[in-house]
Structures are given as C-alpha cells and as structure tokens.
Amino acid sequence: MYIGIDIGGTKTAVVLGTKSGQVLDRISFDTKEKDETLRQILDSVKKLMNDKVKAIGISCGGPLDSRKGIILSPPNLPGWDKVEIVKLIHDRFFVPVYLQNDADAGALAEWYFGNARGYRNVVFLTCGTGFGAGLILDGKLYTGTSGRAGEIGHIRLYEKGHIGYGKEGSIEGYCSGGGIARYGKGTARELAERAYAGEDEALEIYREFGENLGKSLAILADLLNPEVIVIGSIYTRAEKLVKDSVLQKLKEEALDRNYKDVRIRPSKLGEHIGDIAALCVAADGYRNGTGRR
C-alpha cells in the first residue's frame, strides 16, 4: 500500500491506495495557509497510516526541488516558501517519502493507467489553476537538472497581455483557469457551461483559448517530437468546444512531420488524476529507490 498527498491551489487530498492506482480511503480539505494545511496533512496521514504502507508520495504545483524534497514558492500557493515537506513527513512517519510537481505526477499517472499507456515519448499538460508539462522521454520520467523541466507555462506567447506565472503574455496567462478568468467574464467552468449552452461571448473565449493552446502544443511538438500529448482538467471538460481550434492551430504552427507524429488526447483519469498521480509518485519512487528513506 501507499499514501498519496495531492496539494492543490484550492484543495488538498490525502489518499490510501495500491500500486495499481486503486484508492482505498480518502480525506480532503481546503488548501488554506501553509501551517494549517501542513497540520491537516500530517493529521490525515496519521489517520490513514498502517504497517502495510511502503511509501508516501506528494504531488504539488511547482516550482519545487524534487531531489531535495523542497517546495519553492509556487505562485498558486502563496507563503509556501522553501518548505522542506519531505523531511517533515519522513521524520514523523519513518517511511520513504517522494515529491514531484503535479505535472510530472500526472504524467506518471497517465503513462501507467491513462491515455499515455504504451507510449515511450509523452507530454502531460496540467491545464487547471496553472499550466505545466510533465515529460516521459524515451520511456523515463524526465525532470531536468534540478527537477524543474517542463515549465512551459512561463514561455511568452505575446509581448503584452494576460499575466500568468509572473510574466505578461505567458502561456499560463492564456491556457489555464486563471488565464480564462482574466477575460473578466467568469470562471473557466462557468464559461464552459455558457459555451455549451451556445452563448457567443463564451464560445469566442474558448475559441481563443483553443488557438493559444494549439500554439503551445506546436512548440512542444517541434521541440520534443512526442507520440502523444495528454491534456488534463479544462481541456478534458471542454474538449468538444476547443478540439477543432486546437488541432487547426497545431497544424498551422508545427512542422508537418511532427504534427503527423503526435496524438492529442484528454486525460483518461479526469477528476481523479490528482489522487492517482500522488500514489504513482510513491510507487514510482519506491520502485526506483529515490527520495528520503
């Protein structure tokens, strides 16, 4: 058995589960200020812990240092500055603890159990509160020199425009829930409901979202030449609204061969991906023998 901790910008979940991704028990709560949320995490782990738990995995929005087990001031978690979360949990429960950013964790989950299963070159995109990429390259999770590869949300699409990830005109400023909300017309979920109902203003916002997402996918296709790009959260819920504009812009922007090589898929794991991803961090870390033991 494993315990997974999924720390999101608005919600946190602690789950008990198996290496096959089956969730046996779950505790969830609002993500509040750092100290209160850490207290709730420790209390929840204590409730779920048993002598069959082999490891604990943590999935959290970046930036973070997965090798040192430190959360490094994520923009969607204000006040979480240099939090040594792996040490904190390991010193309390004395089992191996592993940390990955939510995009890398999501990539593992979709690779093991979702729409990236069977591929060797995979990009998984978070597309919710923020926007980041998890990379499976040549059959292995790739995290970069200090565990911070895949921060595509920080790339600038426009010289001026929406601010995301601290940069004006960035991909995250357009291809995330926060980015959609910056149009000032409602939340991403509200606008999707209105678009599905046929409202012109909401349809236009999602058309623009799709074009910007397509441009972003073209960057990934040309840089990495992946076999599949799996996109979570907003894209999964709004695929029917944006698929055509995404694929059209991807075709226009990417090299022809790279466009033909890549498949674009929604997350198979959907709303459950956070729980399963955190369990995958524990199972993958335990199998490969990394992290604090």
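- Contact between Pro74 and Gly61 at its shortest, heavy atoms only, is CG-O, 3.3 Å.
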Exercise. For the pair Lys68 and Glu84, evaluate salt bridge (charged side-chain N to carboxylate O under 4.0 Å, His left out) and give the outcome as yes or no after the intermediate values.
Key: CA-CA 8 Å; Lys68 293 182 179 179; Glu84 296 185 17; over 6 Å; no
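- Heavy-atom minimum distance, Lys54 versus Pro96: O-CD, 3.2 Å.
- When all heavy atoms are compared, the tightest approach of Asn115 to Pro266 is ND2-O, 2.7 Å.
- Between the side chains of Asp138 and Asn121, no donor-acceptor pair of N or O atoms lies under 3.5 Å.
- Ring orientation note: the planes of His162 and Tyr174 are close to parallel, at an angle under 30° on the 30°/60° scale.
- A donor-acceptor contact closer than 3.5 angstrom is absent between the side chains of Thr37 and Thr12.
- In plain terms, the two heavy atoms of Glu110 and Leu269 that are nearest each other are OE2-N, 3.2 Å.
- In this structure the side chain of Phe113 never reaches within 4.5 angstrom of the side chain of Lys268, judged on heavy atoms.
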Exercise. Take Ser59 and Gln100, measure what side-chain hydrogen bond (donor to acceptor under 3.5 Å, both in side chains) needs, and give me the verdict at the end.
Key: CA-CA 5 Å; Ser59 169; Gln100 294 288 357; over 6 Å; no
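- Within the 3.5 Å criterion, the main-chain N or O of Lys32 finds no donor-acceptor partner in the side chain of Asp30.
- No donor-acceptor distance shorter than 3.5 angstrom exists from the side chain of Lys249 to the backbone of Lys215, with no hydrogens or angles considered.
- Counting non-hydrogen atoms of neighbouring residues, nucleotides and ligands closer than 6.0 angstrom, the CZ atom of Arg92 reaches no more than 12 such neighbours.
- Residues Leu135 and Leu224 have side chains in contact (heavy-atom distance under 4.5 Å, counting atoms from C-beta outward).
- Here the rule is side-chain contact (heavy atoms from CB on, under 4.5 Å) with Leu213, and of Leu250, Ile171, Ile231 only Ile231 fits it.
- In this structure, the side chain of Arg26 does not engage the main chain of Ala13 through any donor-acceptor pair within 3.5 Å.
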Practice problem: Give the intermediate values and the outcome of side chain to side chain contact (heavy atoms under 4.5 Å, CB included) for residues Leu125 and Val230. | Solution: CA-CA 6 Å; Leu125 293 173; Val230 178; over 6 Å; no
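- Here the side chains of Asp261 and Asn225 are in contact, with some heavy-atom distance below 4.5 Å.
- Ion pairing of Arg39 with Asp35 is absent here, as no side-chain N (NZ or NE/NH1/NH2) approaches a carboxylate O to less than 4.0 Å.
- Nearest heavy-atom pair, Asp222 versus Ala254, reported as atom, atom and distance to 0.1 Å: OD2-CA, 3.6 Å.
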Quiz item: salt bridge (charged side-chain N to carboxylate O under 4.0 Å, His left out) between Arg207 and Glu211: does it pass, once the steps are laid out?
Solution: CA-CA 6 Å; Arg207 183 198 62 77; Glu211 290 190 349; 2.7 Å; yes
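- Side-chain contact between Val86 and Ile70 is absent, with no heavy-atom pair separated by less than 4.5 Å.
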Self-check item: side chain to side chain contact (heavy atoms under 4.5 Å, CB included) assessment of Leu38 paired with Ile85
Solution: CA-CA 9 Å; Leu38 290 174; Ile85 192 165; 3.9 Å; yes
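- Asn212 and Tyr158 share a side-chain donor-acceptor pair at under 3.5 Å.
- With rounding to the nearest 0.5 Å, the separation of CD1 in Ile273 from OG1 in Thr236 is 7.5 Å.
- When all heavy atoms of Gly153 and Ser170 are compared, the closest pair comes out as O-CB, 3.4 Å.
- Between the side chains of Thr143 and Asp104, no donor-acceptor pair is found at a separation under 3.5 Å.
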Self-check item: side chain to side chain contact (heavy atoms under 4.5 Å, CB included) between Val95 and Met49, worked out
Solution: CA-CA 10 Å; Val95 296; Met49 178 62 71; 4.3 Å; yes
Exercise. Apply the test salt bridge (charged side-chain N to carboxylate O under 4.0 Å, His left out) to residues Glu201 and Lys185: give CA-CA distance (whole Å), side-chain angles for both, the deciding distance (0.1 Å), then the verdict.
Key: CA-CA 9 Å; Glu201 183 178 55; Lys185 306 296 182 179; 3.3 Å; yes
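- Side-chain atoms of Thr126 do not come within 3.5 Å of backbone N or O of Gly128 as any donor-acceptor pair.
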Quiz item: Given the rule in the side chain to side chain contact (heavy atoms under 4.5 Å, CB included) test, do Tyr142 and Ile136 qualify, once you have shown the distances and angles that lead to the verdict?
Solution: CA-CA 6 Å; Tyr142 178 79; Ile136 306 291; over 6 Å; no
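- With rounding to the nearest 0.5 Å, the separation of OG in Ser73 from CH2 in Trp80 is 12.0 Å.
- Without hydrogens or angle criteria, Glu33 side chain to Gly79 main chain gives no donor-acceptor distance under 3.5 Å.
- Panel note: side chain Glu227, backbone Val262; no donor-acceptor pair is recorded below 3.5 Å.
- With salt bridges taken as basic N to acidic carboxylate O contacts below 4.0 Å, one links Asp256 and Lys260.
- Checking side-chain atoms of Ser267 against main-chain N and O of Gly232 turns up no donor-acceptor pair under 3.5 Å.
- Val122 is not listed as a side-chain neighbour of Ile229, based on a closest heavy-atom distance of 4.5 Å or more.
- Judged purely by atom type and a 3.5 angstrom limit, Glu190 uses its side chain to pair as donor or acceptor with the backbone of Thr187.
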